[in-house]
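One structure below.
Throughout, a chain's letter reflects where its sequence line sits, starting with A, and its residues are numbered from 1.
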Amino acid sequence: MISESLLQPEELAAYRLRALYRQYGYRLYRMATFEDYDLCVRNRDFLTGDRFITFTDAGGRLMALKPDITLSVIRSGDDKPGSRQKLCYNENVFRPDRASGAFKEIPQAGLECTGDLSEADIFEVVTLAVKSLSLISDDSVLDLSHLGLLGALLDGISPDGELRREVARCIATKNTHDLEMICRRQGISGDRLEEIVFLAGLYGPLSEVLPRLAPYCQSPAAKDAFGMLGRLSRTLENEGFAARTRFNFAVINDMNYYNGIVFKGFIRGISEGIVSGGQYDPLMRRMGRDSSGIGFALRLDLLEELPDGMKGDSP
Amino acid sequence: MISVALPKGRLGEQVYRLFEAAGYPCPALLTGSRKLIFENSEKQIRYFWVKPLDVPVYVERGAADLGVAGKDILLENDPDVYELADLKLGRCRMAVAAPEGWHDTGEKTLRVASKFPRIAERYYRRIGRDIDIIHLNGSIEIAPLLGLSDVIVDIVETGTTLRENHLVVLNEILSISARLIANKAAYPFKTGEILRVTEDLKGLVNKE
């Protein structure tokens, strides 16, 4: 029997999270430390960078120290109709620090659910992301959005790729002043402009935001996304997590890789998002899979910033 | 309590005056004291002065909930923060300038001197021009005069320095002004306070 008092916050969290994920049928996945360099380079935007620690193995193949878990999980999974794979992990990844550029070893815990997924599978993953945060702190929030809503908004602005990226960047930073300027440049004004600026700034509990969002979800894609968010809201409410989740239009992951529900989790006292995840069917397509995928990672290294240690931590 | 990182210098004083007028005063701030942190507990706001370039670092890392930084600094350093308002202070332009009479024949790689290599690189990539970036830390105007570069990409306020050195603006790249930024992880826990300060500041800025 392990005494929790012996564990560091990072170890304690990993221990508790693994127990949680196992309860939901997630099998522990142990991945190799090295990844094919080609696979990393092909998906460098998904990995948010193109710098990897590389070396040549005995067979002359160029390898990288793993910068991410999701790619390996997708590659390891079946793609047969009706099959579903639920894996959890506790692994270190190697990525350059944004500010210094120096490589860091980052411990992560997380899970991936891939295959023929139902809506219940997707909601289970979102619920587990909220539960993961709750295991660590009572003062946590999961911000979420649906990329179908963003797609519908962008379709109404322009088909031009560069412009769509510029608009998405403004929305991701809640920068409504530059967004307004870009829209005016495109000849968008009046009610339509007000609508775009309103949507971009939307933030708050799902039960409060969704009724305000409803009138703007007229296209089939936006209606689908809105319907799904409504059902997710009820699921989270039934689980008792309504107060721990917010709709945030600014949660945007790369649309070349993600679709559907995307989310980011925060804990008071930790200076950046500790959980990041979402549905990544386009990434599955890029890797030759026909099925769906959703997952998230939790940065265990950030637990050092917790001002009062972990919830339920033994003195 | 909301903490705000203000940029030291003339812009910082203008920014503080705006916060003060919006209802968030802290008179001790402008007394010339050597203190670095100032607090108004009644208004639940804490200010501190930092170098303008460091404001996004304090905000991104969560040492400040809010901060004010120039758009040039934000574009050059690309911090992971929310940009909540254009405070319309410290307005100037980022421009390409060259010696009078110079024109780009397009035959050679263009040598560009700048304090803002990322902004310059992005601009020339967008227009498809091959360039060699020379990253300098100051006195950019001297680079083309000494043959170090063909053109410069720099901030232009009044244009006096350019004129005195016989340089002219060829293209304006972007307009710059002070922006209110917020830490993304503070936002979910201090939403009400952050939005209140933002709306109060925007109300004043838009009135002017």
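- To the nearest 0.5 Å, the span separating NZ on A/Lys174 from OG1 on B/Thr198 amounts to 10.5 Å.
- For B/Asp86, the parts lying near chain A are the backbone and the side chain together; criterion is any non-hydrogen pair under 4.5 Å.
- Residues B/Ala185 and A/Ile270 approach most closely at CB-O, 3.3 Å, considering heavy atoms.
- Neither the backbone nor the side chain of B/Arg126 comes within less than 4.5 Å of any heavy atom of chain A.
- Between A/His177 and B/Leu84 the shortest heavy-atom distance is CE1-C, 3.8 Å.
- Within 6.0 Å of atom CZ in A/Arg185, more than 12 heavy atoms from other residues, nucleotides or ligands are found, so the atom counts as buried in its surroundings.
- Residue-environment remark: CD (A/Gln8) stays at or below the threshold of 12 foreign heavy atoms within 6.0 Å.
- Shown here is A/Glu162, whose CD atom has more than 12 heavy atoms of other residues, nucleotides or ligands within 6.0 Å.
- The neighbour count for A/Asp191 CG, taken as heavy atoms of other residues, nucleotides or ligands under 6.0 Å away, does not exceed 12.
- For A/Ala250, the part lying under 4.5 angstrom from a heavy atom of chain B is the side chain only.
- Remark: aromatic rings of B/Tyr187 and A/Phe266 are distant, center separation not under 6.0 Å.
- Looking at A/Asn248, only its side chain comes within 4.5 Å of chain B, counting heavy atoms on both sides.
- The shortest heavy-atom contact between B/Pro188 and A/Arg246 is O-NH2, 3.7 Å.
- The pair A/Asp178-B/Lys71 meets the salt-bridge criterion, since a charged nitrogen lies less than 4.0 angstrom from a carboxylate oxygen.
- With values rounded to the nearest 0.5 angstrom, A/Ser271 atom OG is found 8.5 Å from B/Glu60 atom CD.
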- Take B/Lys202 and A/Thr176, measure what side-chain contact (heavy atoms from CB on, under 4.5 Å) needs, and give me the verdict at the end. CA-CA 12 Å; B/Lys202 275 168 126 176; A/Thr176 50; 3.9 Å; yes
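- Summarising the local packing, CD of A/Gln186 is surrounded by more than 12 heavy atoms from other residues, nucleotides or ligands at distances under 6.0 Å.
- Atom CZ of B/Arg122 has more than 12 heavy atoms from other residues, nucleotides or ligands within 6.0 Å.
- Counting only distance, with no hydrogens or angles, the side chain of A/Asn175 and the backbone of B/Tyr82 share no donor-acceptor pair below 3.5 Å.
- Counting non-hydrogen atoms of other residues, nucleotides and ligands closer than 6.0 Å to CZ of B/Arg61 gives a total of 12 or fewer.
- Closest of all the heavy-atom pairs between A/Thr173 and B/Val81 is CG2-O, 3.6 Å.
- Within 6.0 Å of the CG atom in B/Leu148, the count of heavy atoms belonging to other residues, nucleotides or ligands exceeds 12.
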